[in-house]
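Working notes, beginning with the structure itself.
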Amino acid sequence: MVKRLSLELEQLKKNVENCRKCPLWKSRSKPVFGEGPPNARIMLIGLGPGYHEDKEGRPFVGSAGKFLNKLLELSKIRRDEVYITNIVKCYLPENKASDEVIRMCTPYLDKQIEIIDPEHIIGLGSIAVEYLSEKYGFQFTSIEKMHGATLKISTVSREVKITIMYHPAAGLRNPSLRRIIEEDWKRLLNY
Ligand code: URA
C-alpha cells in the first residue's frame with residue numbers, strides 16, 4: 001500500500017520536474033515537490049518555494065521553515081510524520097503567485113491530495129486557504145477572522161478536517177503576530 005503510494009508520488013514528481021506549463025521553470029533551480037510519508041494523516045500546504053527551498057528542493061527549509069518547526073513542536077506534531085507541500089512547486093522570486101500560475105500548478109496538488117488522502121489539511125496563509133475553500137466549498141472571509149479555526153468537511157470518500165493558519169512568514173514579518181500564531185498551533189490538536 002505505502003509502496004504503491006510512493007510510486008504514484010514518484011511518477012507525479014517526475015511530471016513536476018518536466019513541467020513547462022508556466023515560465024517559472026526557467027528561473028527555478030530545483031522544483032519543490034513536497035516531502036513526508038506517502039500515507040501521512042496530516043498535510044501542510046504553504047504558498048511556494050523561496051530562495052533556500054529552491055536551492056535544496058525541499059519545502060520550508062529557510063527562516064519560515066525554522067519557525068514552522070517550532071510551531072510543530074508546540075503542537076507536539078513531528079515534522080517527519082506530516083506531508084509538507086506548496087500551492088506552487090517552483091521558486092517564486094517575489095514570493096507572489098499569479099492566478100494563472102496557481103491555476104496551472106494546482107492540478108499537481110490536487111493529485112497529491114488524492115494519492116495521500118490526508119485526514120487533516122492545514123492551510124498556511126491566505127492563498128493556500130483560498131485554494132482549500134474553493135476545493136472543499138467552504139466560505140473563507142479572511143485569515144484575520146478565521147485563523148486557528150478547524151472545519152470538518154464531508155467529501156464523498158471521507159471527512160476531512162481543514163485548519164486555517166497564518167503563514168509562518170507572517171509571524172517573522174510582524175512580531176506581534178508571533179504569539180497569536182503560536183497559540184493557534186498549541187490548540188491545534190485539541191478541537
Ligand atoms: N514559504 C512557503 O510558502 N513554502 C515554502 O516551502 C517555504 C516558504
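Just so you know, ligand 1 is whichever comes first in the structure, and atom 1 is the first atom listed for that ligand. Atom set for the values below is all heavy atoms of this structure, side chains included, hydrogens, waters and symmetry mates excluded.
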Exam field: side chain Glu182 to backbone Leu71, donor-acceptor pair closer than 3.5 Å: no

Under 4.0 Å from ligand 1, counting heavy atoms only: the protein residues, by chain and number: Gly46, Leu47, Gly48, Glu53, Pro59, Phe60, Asn86, His167

Short side-chain donor-acceptor distance under 3.5 Å, Lys13 and Gln112: no

Geometric class of the Tyr83/Phe33 ring pair [parallel <30°, tilted 30-60°, perpendicular >60°]: perpendicular

Pair Ile116-Leu5, side chain to side chain contact (heavy atoms under 4.5 Å, CB included): steps then yes or no: CA-CA 7 Å; Ile116 295 162; Leu5 300 180; over 6 Å; no

His167 ring center within less than 6.0 Å of Phe60 ring center: yes

Check: Ile84 and Arg79 side chains under 4.5 Å, non-hydrogen atoms: yes

